[in-house]
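In this chain, residues are counted from 1 in sequence order.
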Amino acid sequence: MRTATYQPAREEMARTEAINYEINQSWLPMMTDGRLQEKLTEMLNGLGAGSSILPPLQIDFGRQVTLANNVFINYSVMITAS
């Protein structure tokens with residue numbers, strides 16, 4: 001994991017972890033003003049219309065996760081995508 005070959009994977013894990021942290025630390029205000037959906041859209045490869053994930057959440061490779069329309073995932077989900 002420390003070779004140059006894995007550099008893009010490490011960068012994606014760090015990017016996703018930063019968004020995970022932001023969502024998980026401040027999710028209550030985010031639930032009422034739309035920022036949660038914005039952060040999920042930033043994190044994931046695709047977030048279908050009407051879809052949401054309630055925090056807390058843990059996702060490792062956000063750009064490898066796509067949610068279809070009208071998907072609801074309740075709190076405390078862990079998604080490992082490789």
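For the atom pair Ile73 CD1 and Ser52 OG, the distance stands at 9.0 Å (nearest 0.5 Å). Taken from CD1 in Ile79 to CG in Leu67, the straight-line distance is 6.5 Å, to the nearest 0.5 Å. Expressed to the nearest 0.5 Å, how far NZ of Lys39 lies from CD1 of Ile53 amounts to 14.5 Å. The distance from the CD atom of Glu11 to the CZ atom of Arg63 is 9.5 Å, given to the nearest 0.5 Å.
The two residues Pro55 and Leu36 have their closest heavy-atom pair at CD-CD2, 3.9 Å. Closest approach of Pro8 and Ala4 over heavy atoms only: CD-O, 3.9 Å. Contact detail for Arg15 and Glu42: the closest heavy-atom pair is NH1-O, 3.0 Å.
With Thr66 as reference, Asn45 is the one residue of Leu47, Val71, Asn45 to meet the side-chain contact (heavy atoms from CB on, under 4.5 Å) rule. Checked options Ile23, Thr80, Val65; the residue passing with Ile59 is Val65 (criterion: side-chain contact (heavy atoms from CB on, under 4.5 Å)).
A side-chain donor-acceptor contact under 3.5 Å links Glu12 and Thr16.
Under the 4.5 Å side-chain heavy-atom criterion for ILVMFWY residues, no single connected hydrophobic cluster contains both Tyr21 and Met78. By the criterion of side-chain heavy atoms lying less than 4.5 angstrom apart, applied directly or through intervening Ile, Leu, Val, Met, Phe, Trp or Tyr residues, Ile19 is grouped together with Tyr75 in one hydrophobic cluster.
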Practice problem: Show your reasoning for whether side-chain contact (heavy atoms from CB on, under 4.5 Å) applies to Leu57 and Asn20. | Solution: CA-CA 7 Å; Leu57 55 92; Asn20 280 320; 2.9 Å; yes

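No donor-acceptor distance shorter than 3.5 angstrom exists from the side chain of Ser76 to the backbone of Pro56, with no hydrogens or angles considered.
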